[in-house]
Enquirer: 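This structure is in structure tokens; I'll ask about it shortly.
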Amino acid sequence: MESHYSPLRVIGEGSFGRALLVRCNNSRQEYVLKEIQLPKNQSKLENSRREAVLLSTMKHPNIVAFREAFEADDLLCIIMEYCRGGDLLQRITQQKTTQFCVDDILRWFSQMCAGAKHIHDKRVLHRDLKSKNIFLTDDGTIKLGDFGSACVLNSSKAFAHSYVGTPYYVAPEIWDNKPYNNKSDVWSLGCVLYELCTLRHPFQASSWRSLIFKVCRGAYPPLPDHLPYELRCLIKHMFKTNPKDRPSLHTILTSHRVSRLLRSHFPSQVTEEEEERGRRMKHWDRGGGGKVAELLREKSLMKTTTLEGVEMTEGRCESREPGRRRHWTTERSDSVLQVLANKSLLSSDSASSVTGRTLMSYNHEKDDVQRRRWDKDPPERLMSLLEKVQLSRAFSTFLIHNGDDPLKGPLSQPQGDDTDGTEEEVTADEQRLEPRSDDDDTDFEEESPCDWIDEVEHMFAEH
Ligand SMILES: Nc1ncnc2c1ncn2[C@@H]1O[C@H](COP(=O)(O)OP(=O)(O)OP(=O)(O)O)[C@@H](O)[C@H]1O
């Protein structure tokens, strides 16, 4: 597929490029064109392409639809569905103090779960679920977007050495230097659900230290009584500090006490799809991640066509002469394999960086990971670095990884710490060590290959 697009307007600037509303010259349909500045370094280049690769493998009514991707000079352009209703953060802000009705909360949340479950079923973690990355169409359908932080969960990498996420939405295990998995996305969705229920973030704090402590204690202000008991109960479970005690998305949609409520707010055709998927539900074996990576490596970007179709009239693309344009092809590429098979849990430079994982400090040499825990106080080095950064930045995407480099990205500019309010009464997760466990669906190590591999094969066959 190769289409030409005319720009209509810039809809936003991300940390690594712009998002433009464009119109397809052939179909007259509107799309979002997301520009990502490509780094010169080969390995970083492949990390930048991961967003397009992973988004292209998703096909679900509650995930922003991928249309195509191409490279134009130093830009990767991803063409995707345009969500006219904007993002959920804007929607929450518009409410000011008027609470959402419970029906809207349940409908939106059930769709978020369905979209996120689809991602997990493909053995992918989103890692940056937040209200700013969740979109609404004009008919009020939820679409999960921004796969810039997503990664393939490769079971041979039981421990992730870095994490890309937004501090306000990041689960305690990330700060606590423990492995992360699908349950870390569940935590982030819990934050979004709490925001829908209260119009406030669950872990408001006046300092980084306070934010991290509240997250690690699972301590959030109590929910209003008018909310259904099942919903309050669900939030409590989603904020369990031990990921094993958090329900998976499959559990939330099928067997949690809230499931019945969610299902009654779910569009019927999606419910049927979900049921069918549940019946066919095939689980991942340990080798699943490798298979996924193998399929994805076949999607490489090769120079094939010219750029004449991108007729930008404003900004960066305007001044460009028609040039070389690279399109997705089915040629094999070892470099993509490296990124997706070997580095799937490693750093993505498509996000702001907090280097020096002194907070979660550990050293790793080859596969031998020696971990040091902080039990009482976060290590001083990270704290002193973070204290130079405005806490409001904790709503931006960060790269958190090990190493001793100084801070990079937006965090490299020291700014005064802000004081954004007082401590408030909170409820902590008192039962953090209770024996309840949701082990069965914590990991992806399940029994037989998942059917989405067929989907990917089919997709490649179309090219
Ligand atoms: N598919 C889409 N439909 C509608 N609006 C979108 C879509 N994708 C992105 N946007 C909007 O475009 C703007 C830029 O998005 P983008 O993902 O490029 O960056 P960001 O999320 O703002 O920042 P970052 O990616 O650095 O965290 C945001 O305001 C976002 O709401």
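Atoms within each ligand, like the ligands themselves, are counted from 1 in listed order.
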Enquirer: Does ligand 1 have an atom under 4.0 Å from some heavy atom of Asn133?
Expert: yes
Enquirer: Before you tell me yes or no, could you show the steps for Glu195 and Arg91 under salt bridge (Lys or Arg N to Asp or Glu O under 4.0 Å), namely the whole-Å CA-CA distance, both residues' side-chain angles and the distance that decides it to 0.1 Å?
Expert: CA-CA 11 Å; Glu195 284 179 290; Arg91 190 72 184 75; over 6 Å; no
Enquirer: Output yes when a side-chain donor or acceptor of Asn133 lies under 3.5 Å from a complementary backbone atom of Asp128, and no otherwise.
Expert: yes
Enquirer: Give the atoms of ligand 1, by number and element, whose distance to some non-hydrogen atom of Ala19 is under 4.0 Å.
Expert: 12 (O), 14 (C)
Enquirer: Considering distance alone, does some N or O of Lys130 sit under 3.5 Å from an N or O of ligand 1?
Expert: no
Enquirer: Can you tell me if Lys122 uses its side chain to pair, donor with acceptor, with the backbone of Thr57 under 3.5 Å?
Expert: yes
Enquirer: Could you tell me if the ring centre of Tyr194 sits under 6.0 Å from that of Tyr220?
Expert: yes
Enquirer: Can you find an N or O of Cys83 that's nearer than 3.5 Å to an N or O of ligand 1?
Expert: yes
Enquirer: N/O to N/O below 3.5 Å, does that happen between Lys34 and ligand 1?
Expert: yes
Enquirer: Please tell me whether Trp175 and Tyr180 form a close aromatic pair, meaning their ring centres lie under 6.0 Å apart.
Expert: no
Enquirer: For ligand 1, is there an N or O atom under 3.5 Å from any N or O atom of Arg18?
Expert: no
Enquirer: Within the structure, does Lys132 bring an N/O atom to less than 3.5 angstrom of an N/O atom in ligand 1?
Expert: yes
Enquirer: Judging by distance only, is a nitrogen or oxygen of Asp87 under 3.5 angstrom from one on ligand 1?
Expert: yes
Enquirer: Using a 4.0 Å heavy-atom cut-off, which part of Glu81 comes near ligand 1: side chain, backbone, both, or neither?
Expert: backbone
Enquirer: Who's closest to atom 25 (O) of ligand 1 heavy-atom-wise, of Ile36, Asp146, Leu136?
Expert: Asp146
Enquirer: Side chains of Thr137 and Tyr82 only: does a donor on one sit below 3.5 Å from an acceptor on the other?
Expert: no
Enquirer: Testing the 3.5 Å rule here: is there a donor-acceptor pair between the side chains of Arg23 and Tyr31?
Expert: no
